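First the proteins, then the strands, lettered A, B, ... as listed; each starts at 1. Side chains are part of it too, since the values below use all heavy atoms of this structure and drop only hydrogens, waters and symmetry mates. None of the values given here were measured: they were computed from a predicted structure.
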There are 2 protein chains.
Amino acid sequence: MLKLSKKTDYAIILLAHLGGQIDPVSAQEVASIYKLPYPMVANILKQLLSSGLIKSTRGQNGGYVLRRSAGDINLSEIIRITDSTFALVECVHEEDACKVYQCCPTSRPLIALHHKIQQFVEDTTLANIIEDTKSKNFRVKKSSYETAHLS
Amino acid sequence: MLKLSKKTDYAIILLAHLGGQIDPVSAQEVASIYKLPYPMVANILKQLLSSGLIKSTRGQNGGYVLRRSAGDINLSEIIRITDSTFALVECVHEEDACKVYQCCPTSRPLIALHHKIQQFVEDTTLANIIEDTKSKNFRVKKSSYETAHLS
DNA sequence: TGAAATAGTACTAATTAGGTGCTAATTTGA
DNA sequence: TCAAATTAGCACCTAATTAGTACTATTTCA
Ligand code: SF4
Ligand code: SF4
């Protein structure tokens, strides 16, 4: 369906929040701030932890903090963790994955398109997202053309 | 999962084939050429027909031809027909679609990213795809950088 | 008339996404 | 020391979407 899963979508919100904090933030806290279902948030954080993107402290006043700087984390990596490795078409990473590959005339242009989109998501860092976040209140006043300073 | 559905993937193959022919091509024929399951191909062609992308002739020697020129059909339209309207995140086309929109800090940068990708798929016409298709045999010999003349 | 083909619709099966529950382990602070 | 807060690690369930199939009717042409 060519859209980000909720898991990835929420993960981006969570990471963007952690990126703006210094002290650990608990799953409880971040779920209530953004009105997200706590169990989902907890699950996603656990997955981000086991993938090494964040680190945790247990017990009272515990929570999560980013393990690396926001500028070092790109969107491609987040998608890979919470969704799966991005592949516009199956044959991008493994030619054998698609049984019609040998007959397929359009794999080449589709793979080329894949790489262009891939470049975008790799160039978009968490720091970029956090930066862009700050002006949310002006969204409705600006034209869509002016939102393009993302990369 | 951020990938094209098989339906869209196959639709592109079918349309690219029709774009290279003058006489009507039957579902049977195109299915056998590309080793695709006939029922799927037939279904997809029916959907492309009802969406006005192709036209049909029935009976013996019948089949399908493009209704418009390949240069007039872009990837965005194909995706809209066989998948659904592209939306990287739900809030792109309708803010109310996502219940956390009011609290969401990251919608702005994600919508910006959406528009960039959208621009790509709109700029990619069926004619571009057909053109790029011709050099498939050189794919393995070329670096991925050289595949970029798509848009 | 009969074979080849589309037209339309309805259906099933497999996979994925979204969301929940439970129990153990750890830390803090009263 | 003990209870509360919190993460850790699973296993599970349900709904939605995708992939693929089936069947019947209609049209065309030889
Ligand atoms: S582009 Fe062709 S080879 Fe690649 S996944 Fe799609 S059908 Fe298969
Ligand atoms: S970006 Fe935010 S508002 Fe948009 S769909 Fe995702 S969670 Fe909802």
Side-chain angles (χ1 to χ4, degrees), chain A residues 1-11 13-14 18 23-32 35-65 67 79 81-87 89-90 97-100, chain B residues 1-11 13-14 18 23-32 35-65 67 79 81-87 89-90 97-100:
Chain A
M1 216 188 170
L2 210 52
K3 80 172 180 196
L4 290 183
S5 68
K6 282 282 177 218
K7 216 166 137 186
T8 300
D9 199 359
Y10 293 169
I13 296 178
L14 303 181
L18 296 189
D23 294 327
V25 184
S26 75
Q28 202 62 260
E29 190 180 342
V30 72
S32 79
K35 309 254 200 305
L36 301 173
Y38 167 75
M40 282 241 76
V41 168
N43 263 346
I44 295 168
L45 287 168
K46 281 180 250 189
Q47 194 171 352
L48 294 173
L49 178 86
S50 73
S51 307
L53 227 52
I54 58 182
K55 54 188 174 185
S56 67
T57 32
R58 296 206 214 189
Q60 256 178 337
N61 308 321
Y64 300 91
V65 292
R67 184 177 284 276
I79 291 171
I81 291 168
T82 54
D83 237 39
S84 64
T85 302
F86 169 53
V89 284
E90 287 178 359
C98 179
K99 58 196 173 197
V100 306
Chain B
M1 217 186 166
L2 209 53
K3 79 171 182 198
L4 290 182
S5 69
K6 281 283 176 219
K7 215 165 139 187
T8 299
D9 200 358
Y10 293 168
I13 296 177
L14 303 181
L18 295 189
D23 294 326
V25 184
S26 75
Q28 203 62 261
E29 190 181 343
V30 72
S32 79
K35 308 253 199 306
L36 300 174
Y38 167 75
M40 281 241 75
V41 168
N43 263 347
I44 294 168
L45 287 168
K46 281 179 251 188
Q47 194 172 354
L48 293 173
L49 177 86
S50 73
S51 308
L53 227 52
I54 59 182
K55 54 188 175 185
S56 67
T57 31
R58 296 206 213 189
Q60 258 179 335
N61 309 322
Y64 300 91
V65 292
R67 182 176 286 276
I79 291 171
I81 291 169
T82 54
D83 237 39
S84 64
T85 302
F86 169 52
V89 284
E90 288 177 357
C98 180
K99 58 195 172 196
V100 306

Nearest heavy-atom neighbours spanning [X] and [Y]:
X     : Y      : answer
B:Q28 : B:Y38  : N-CE1, 3.7 Å
A:K35 : B:V100 : O-CG1, 3.7 Å
A:I81 : A:Q47  : O-NE2, 2.8 Å

| message | Do A:V65 and A:K55 make a side-chain contact, defined as non-hydrogen atoms from C-beta onward lying under 4.5 Å apart? | response | yes
| B:K6 vs B:M40 side-chain heavy atoms within contact, under 4.5 Å | no
In whole angstrom, give the distance that lies between atom [atom1] of [X] and atom [atom2] of [N].
X     : N      : atom1 : atom2 : value
B:L14 : C:dT6  : CG    : C1'   : 15 Å
A:D23 : C:dT27 : CG    : C1'   : 16 Å
A:D83 : C:dA17 : CG    : P     : 6 Å
B:L49 : C:dT6  : CG    : C1'   : 9 Å
A:K6  : C:dA17 : NZ    : C1'   : 11 Å
B:K7  : D:dA19 : NZ    : P     : 9 Å
A:K3  : C:dA17 : NZ    : P     : 10 Å
A:Y64 : D:dA5  : OH    : C1'   : 13 Å

| How long is the span from the CG atom in A:L48 to the OG1 atom in A:T82, to the nearest 0.5 Å? | 7.0 Å
| Approximate separation, where rounding is to 0.5 Å, of A:L18 CG and A:I13 CD1 | 12.0 Å
| said: Closest approach to the side chain of B:M1, judged atom by atom: which nucleotide of C:dT16, D:dT18, C:dT28 is it? | reply: C:dT16
| field | Minimum-distance nucleotide to B:N61 side chain [options: C:dA17, D:dC29, C:dT6] | value | D:dC29
| field | Within residues 37-48 of chain B: residues closer than 4.0 Å to DNA chain C (heavy atoms) | value | B:Y38, B:N43, B:K46
| said: OP1 or OP2 of C:dT26 versus the side-chain N and O atoms of A:T57: is any pair under 4.0 Å? | reply: no
| request: Record whether the side chain of B:R58 comes under 3.5 Å of the base of C:dA5 through a donor-acceptor pair of N or O atoms. | output: no
| task | Check every strand shown and say whether B:S50 touches a base, only sugar-phosphate, or nothing at a heavy-atom separation below 4.0 Å. | result | nothing
| Start at the 5' end of DNA chain C and walk down; is the nucleotide closest to A:G59 or to A:L4 reached first? | A:L4
